[in-house]
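Here's the structure, in structure tokens; my notes come after.
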Amino acid sequence: MPELPEVETVRRGLTALVKEAIIEKVDLPYPKAVTSDLKAFQQEPVGRTIEAIERRGKYLLFRLSGNETIVSHLRMEGQYSVEPKGSTPHKHTEVIFTLKDDRVLFYNDTRRFGRMTLVKTGDEMTQVSGLKDLGPEPTEETLSLDYMKEIFKKSKRLIKPFLLDQSNIAGLGNIYTDEVLWQTRIHPETTTDKISSQKIRELRENIINEIARATKHHGTTVHSFSNVFGEVGKFQNELDVYGRAGLPCRRCETPLKKIKVAQRGTTFCPKCQKKK
DNA sequence: AGGCCTGTTTTGCT
DNA sequence: CAGCAAAACAGGCC
């Protein structure tokens, strides 16, 4: 389901609902969702307070009292829901946190791709692959132009898989990558070393703005995404290319084209986004 | 019915 | 090491 704006939307919802809640019990109807020691995952959180829910890239970090952290990645369709105690788990509920009030926190995942792991707070950066070499967050302060120019020059990869690679920049997925490439008029199969400094500058601005704008709209809902309140995002109405193959480009009216780039469906405007 | 598609990441092979 | 294909899985669509 989620790219950075969706994960951030989930984070804010969880913060509103379960920050300060105390975990009473952990059940694992689908143990494969947990990659760390199962016994510890069920025992350690018990009695601890959820002190904060943070986010890094597309990862959620539940900060528990006593220096324990649960790292959670939603992958394609992971979802959290908070329900009254005694609620029946869903068909795809994989983890159940019973809270020391009248509620439960469910982790549901139809696709069963999402993963959770328990680490000592501070160890996540060395222990969790993916977090280890995550690129900078796409914000004005953290994603510098110099850094962008450097990584673009160094690589000869196609821009599309390059932007999807979380070790370059954290948080972009298939939707927002297609959007920012269209905005910047870059063909998705352009190799990064051939993109001009000016284009890199524009792309950086577009990435930062797009992620911020999508977050403000509570993310994009195309398949199954909803926040913890069960609400869908609104940003799908703002998309220019994703999901619009065959429809006219909003700049030049040319029908948008859909191709595969590095195994990922990729929509772009064949006229505005010329390969150079 | 069978094949293909889907917002992701890791693994294993060149 | 870098880069790519396949795999992990379920469900919707044609």
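Per chain, numbering begins at 1; letters A, B, ... match sequence-line order.
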**Asked** Between A/Tyr107 and A/Tyr80, what is the ring plane arrangement, given parallel below 30°, perpendicular above 60°, and tilted in between?
**Response**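 Ring orientation of A/Tyr107 relative to A/Tyr80: tilted.
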Between atom [atom1] in [X] and atom [atom2] in [N], what is the gap in whole Å?
X: A/Asn174; N: B/dT9; atom1: CG; atom2: P; answer: 11 Å
X: A/Phe162; N: B/dT8; atom1: CZ; atom2: C1'; answer: 18 Å
X: A/Asp109; N: C/dG11; atom1: CG; atom2: C1'; answer: 13 Å
X: A/Leu131; N: B/dT9; atom1: CG; atom2: C1'; answer: 12 Å
X: A/Phe113; N: C/dA7; atom1: CZ; atom2: P; answer: 12 Å
X: A/Arg157; N: C/dA2; atom1: CZ; atom2: P; answer: 10 Å
X: A/Lys132; N: B/dT9; atom1: NZ; atom2: C1'; answer: 14 Å
X: A/Ile259; N: B/dC5; atom1: CD1; atom2: P; answer: 14 Å

Measuring to OP1 and OP2 of [N], would you say a side-chain N or O of [X] lies under 4.0 angstrom away?
X: A/Lys58; N: B/dT8; result: yes
X: A/Lys91; N: C/dA10; result: no
X: A/Lys154; N: C/dA2; result: no
X: A/Arg75; N: C/dC9; result: no

Side chain of [X] only, please: which of [options] is the nearest?
X: A/Tyr242; options: B/dT6, C/dC9, C/dG11; answer: B/dT6
X: A/Lys258; options: C/dG3, B/dT6, C/dC9; answer: B/dT6
X: A/Tyr30; options: C/dG11, C/dC9, B/dT10; answer: C/dC9
X: A/Tyr59; options: B/dT9, C/dA10, B/dT8; answer: B/dT9
X: A/Lys260; options: B/dT8, B/dT6, C/dG3; answer: B/dT6
X: A/Gln263; options: B/dT8, B/dT9, C/dA5; answer: C/dA5
X: A/Ser155; options: B/dT8, C/dG11, C/dG3; answer: C/dG3
X: A/Gln166; options: B/dT9, C/dA10, C/dG3; answer: B/dT9
X: A/Arg112; options: B/dT10, C/dG11, C/dC9; answer: C/dC9
X: A/Thr110; options: C/dG11, C/dA8, C/dC9; answer: C/dG11

**Message:** Whether A/Arg201 and A/Glu205 form a salt bridge (side-chain N of Lys/Arg under 4.0 Å from carboxylate O of Asp/Glu) is what I want to check.
**Reply:**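 Looking at A/Glu205 and A/Arg201, the cut-off is not met.
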**Prompt:** Hey, are A/Glu238 and A/Lys216 close enough for a salt bridge, meaning a charged N less than 4.0 Å from a carboxylate O?
**Reply:**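 No, no charged N to carboxylate O under 4.0 Å.
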**Prompt:** NZ of A/Lys160 to CD1 of A/Ile259: how many Å apart, nearest 0.5 Å?
**Reply:**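 Going from NZ on A/Lys160 over to CD1 on A/Ile259, the span is 8.5 Å.
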**Message:** What's the gap between B/dA1 and C/dC9 when it is taken at their P atoms, as a whole Å value?
**Reply:**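 Approximately 23 Å lies between the P atom of B/dA1 and that of C/dC9.
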**Prompt:** Pick the nucleotide of DNA chain B nearest each of A/Gly265 and A/His73; which residue has the one closer to the 5' end?
**Reply:**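 It is A/Gly265, whose closest nucleotide lies nearer the 5' terminus.
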**Asked** Honestly, is A/Arg213 close enough over A/Phe235, meaning NZ or CZ under 6.0 Å from the six-membered ring centre and within 45° of the axis?
**Response**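 No, A/Arg213 does not lie over the aromatic ring of A/Phe235.
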**Donor-acceptor pair, side chain of A/Glu8 and main chain of A/Glu6, under 3.5 angstrom** =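 Answer holds: no.
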**Message:** With a 3.5 Å limit on both atom pairs, tell me what C/dC9 is paired to, counting Watson-Crick and G-U wobble, or say none.
**Reply:**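 Base partner found: none.
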